[in-house]
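To start, the structure under review is shown below, and the notes come after it.
Numbers restart at 1 for each chain; the letters A, B, ... are given by sequence-line order, proteins then strands.
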2 protein chains.
Amino acid sequence: MKRVTMADVAQKANVSKSTVSQFLNQRYEFMGVKTKQRIEKAIEELGYQPNMIARSLKQKSSTTVGVIVANISHEFSTRIIQVIEHSLHQLNYHVIVCNAEDNPEKEKKYIDMLLAKQVDGLIIFPTSTNVNVYNELNVQDFPLVFIDRFVPEVEVPTIMLDNKQALCLAVKELDRAGYERVGILTNSTIFNVAPRVERIEGFKQACRKYGLPVDETFIRGVETGKMTEELRGIFQSHEPPEALVAGNDLVLMDILKYARDHHLRIPDDLAIIAVDDVSFSSIYNPAITTIAQPIEKMGEKASEILIEKILGNKNIEKDIIRFPAALVKRSSC
Amino acid sequence: MKRVTMADVAQKANVSKSTVSQFLNQRYEFMGVKTKQRIEKAIEELGYQPNMIARSLKQKSSTTVGVIVANISHEFSTRIIQVIEHSLHQLNYHVIVCNAEDNPEKEKKYIDMLLAKQVDGLIIFPTSTNVNVYNELNVQDFPLVFIDRFVPEVEVPTIMLDNKQALCLAVKELDRAGYERVGILTNSTIFNVAPRVERIEGFKQACRKYGLPVDETFIRGVETGKMTEELRGIFQSHEPPEALVAGNDLVLMDILKYARDHHLRIPDDLAIIAVDDVSFSSIYNPAITTIAQPIEKMGEKASEILIEKILGNKNIEKDIIRFPAALVKRSSC
DNA sequence: TTGTAAGCGTTATCAC
DNA sequence: GTGATAACGCTTACAA
């Protein structure tokens, strides 16, 4: 497959490469009408397509950004990536998505690869442990935005859910519905993944606020794969919880599966409220009450800040930007 | 952010750029041990990272492939993309994913952009209408693979589900369970999207095979957004269907929602079997019986063929490769 | 208004 | 064993 280059066009149109370049970059202010037409014709006839690689090399910009997601299996991740892709596409940026699978080494490898590919910026769902890598990028002023999770010692703009407020909303709803023995289940908190820790903390605070008992046996960060086991433990207790908050979509699935397999009726035997308004929550029977993240806004904001940084705007808040959650009331609690 | 180049390394190590290049490309056969060490040291100290853009320009290969998906909102799409990304990553290829949103113009625009970016190949869930574009790529021997849908007049390797067999499986199961009045709902067939047409056709054939009545009023390709309306029509009929096949995940959602809102018990009032083994089918109550596509195998095969083509292997079957579906028996029929 | 030439960071050829 | 030097396809001063 012989690609046609600018030189071919130039030759065919009887002009020099630079004139063709001018044309392509819409600088026809001082260009003869006839030259312009000849170039147009030549491009058309040859089916010329500019080579963005060559362009990138010269311009030192690839109009590509990388997105590294900690774990793509959360619906939240895929949806926010879609939003980011959509926003950035409108600005003529392309997106390369990488899935770190919650593995810091993989994340580091991806960062290196994407840098080698000269991406103009990076949006990362960080895995917390690559602090030095992040900081290195940061001191070099490399455009970087975090999403979903913050990293303690790194000053990077971070888009996050207001987890405290989110859980306050959840507990408030549980309280309103009259539940007393309540709990929350999230994925493992051993790596201090911010949303999980914050959600648990927010849950406890809210319980105190609404005067609900805080029973630590129902408040758990559970390792992947051990959820069923954990649930069995919880429901074997003398007084099992009346209501459970699912820390994310995957936890919700585990709870629902357990409930079904053990014939727990929702919400009568067990009320449920889930963080993340996953698509199947409105389909489920009964429909699941959820706490929704403003995915669109979060994705757009992340894109916006990244582009600002790419374009060289220095005065961007390097802080965490928290987005409020919203209660989507359905029938599971 | 000042990037360090090969020249910097060369200078620091007191060698020429070419030697550094040799080093980077593991050609140390004739390289002095000391030179090697000096280069290693210089790279380390400067934190040098090769520039793949420059490399690509020279090598005429970007080690990047594009994936254009017709509609990302199907779980099937996202999952197959994950598989593709995973397979190609192992071969050190990167993937740029684009969502054509079922819009042929958008698809064409993406193809152009990806070509401009010098992707080495393209995996497309085609939107059927860009036949000329596909053919142009094809005559130029540009590495191209279709997935999920075939395009009649284009000779490109195509990975597809064996839809006929899949629906045979579904109908067989319906028959086995004793249902007689059966139907199938898919998305709109006006654009002759292969899977939809084939699934409907396969359904009819299978009904004949198993001696079930073929009632066209229960066999429908429905426009997006009109599913609820259609369902209302179907269930107002004198003898509504006892069992329905959902042509894909989105259709399944619509059916489940309708069933819940109209208090149809599954499977007693309405049995359901869905094509695509979406994650929530095992969670739902009752769990949904599905026809699963071998997503892993399909994604891997697509990646494999694409890479073959990229590497210049000419004798690849340009035909449709059909993958068999599998019944996942649960409780909805 | 258009052309010339240098340069972006690599790799490849061939000379030393 | 190592180093000049010329590409790769484009942009951009600056010259004409």
* If you look at every strand shown and take non-hydrogen atoms under 4.0 Å, does Thr5(A) touch a base, only sugar-phosphate, or nothing? -> sugar-phosphate

* Does a sphere of radius 6.0 Å around CD in Glu101(A) hold more than 12 heavy atoms from other residues, nucleotides or ligands, not counting ones at 6.0 Å or beyond? -> yes

* To do: Compare side-chain N and O positions of Asn51(A) against OP1 and OP2 of dC8(D) and report whether any pair is under 4.0 Å apart.
  => no

* To do: Measure from CD1 on Ile53(A) to C1' on dG9(C) and round the result to the nearest Å.
  => 12 Å

* Nearest-Å distance for atom pair CE/C1', residues Met6(B) and dG3(D) -> 12 Å

* Structure fact -> In this structure, CD of Glu85(A) is separated from OG1 of Thr78(A) (nearest 0.5 Å) by 13.0 Å

* Pairwise distance CZ(Phe125(A)) to CG(Asn71(A)) - rounded to 0.5 angstrom -> 10.0 Å

* Minimum-distance nucleotide (side-chain atoms of Ser16(B) versus dG9(C), dA5(C), dA4(D)) -> dA4(D)

* Structure fact -> Heavy-atom nearest nucleotide on DNA chain C taken for Gln49(B) and for Gln22(B); more 5' hit belongs to Gln49(B)

* Asked: Which is true for Tyr48(A) with a 4.0 Å heavy-atom rule: it touches a base, it touches only sugar-phosphate, or it touches nothing?
  -> sugar-phosphate

* **Proximal nucleotide (of dG3(D), dA7(D), dC10(D)) relative to the Arg55(A) side chain** => dC10(D)

* 5' precedence on DNA chain D between Val33(B) and Met52(A) (nearest-nucleotide basis) -> Val33(B)

* Using a heavy-atom cut-off of under 4.0 Å over every strand shown, decide if Asp8(A) touches base, sugar-phosphate, or nothing. => nothing

* Does Thr19(B) place a side-chain N or O at less than 4.0 Å from the phosphate oxygens OP1/OP2 of dT2(D)? -> no

* **Spacing of CE belonging to Met6(B) relative to CZ belonging to Arg55(B), to within rounding of 0.5 Å** => 11.0 Å

* **Base of dT10(C) paired with side chain of Lys17(B) (donor-acceptor, under 3.5 Å)** => yes

* Asked: Within this structure, what is the NZ-to-C1' distance between Lys117(B) and dC8(D), rounded to whole angstrom?
  -> 18 Å

* Which residue lies more 5' along DNA chain D, comparing Gln59(B) with Asn25(A) via nearest heavy atoms -> Gln59(B)

* Which nucleotide in the set dT11(D), dT12(D), dG3(D) lies at the smallest distance from any side-chain heavy atom of Val15(B)? -> dG3(D)

* Asked: Counting any heavy atom closer than 4.0 Å, what does Thr35(B) reach on the DNA or RNA strands: base, sugar-phosphate only, or nothing?
  -> sugar-phosphate

* To do: Please say which of Glu40(A), Glu44(A), Glu45(A) ends up in a salt bridge (charged side-chain N to carboxylate O under 4.0 Å, His left out) with Lys12(A).
  => Glu45(A)

* Structure fact -> From NZ of Lys34(B) across to C1' of dT2(D) the rounded distance in Å is 15 Å

* Which part of the nucleic acid, if any, lies within reach of Ser21(A) when heavy atoms closer than 4.0 Å are counted: base, sugar-phosphate only, or nothing? -> base

* Find the distance Ile43(A):CD1 to dC10(D):P and express it as a whole number of Å. => 10 Å

* To do: For Lys60(A), report the nucleic acid contact type (base, sugar-phosphate, nothing); a contact means any heavy atom under 4.0 Å.
  => sugar-phosphate

* Structure fact -> Taken to the nearest whole Å, CZ/Phe23(B) to P/dT10(C) is 14 Å

* To the nearest Å, give me how far apart CD (Gln11(A)) and P (dT2(C)) are. => 18 Å

* In whole angstrom, what separates Leu24(A)'s CG from dT12(D)'s C1'? -> 14 Å

* Kindly say whether, by distance alone, the side chain of Lys58(B) makes a donor-acceptor pair under 3.5 Å with the base of dA7(D)? => yes

* To do: Enter the distance from Asp102(B):CG to Ser73(B):OG here, rounded to the nearest 0.5 Å.
  => 8.0 Å

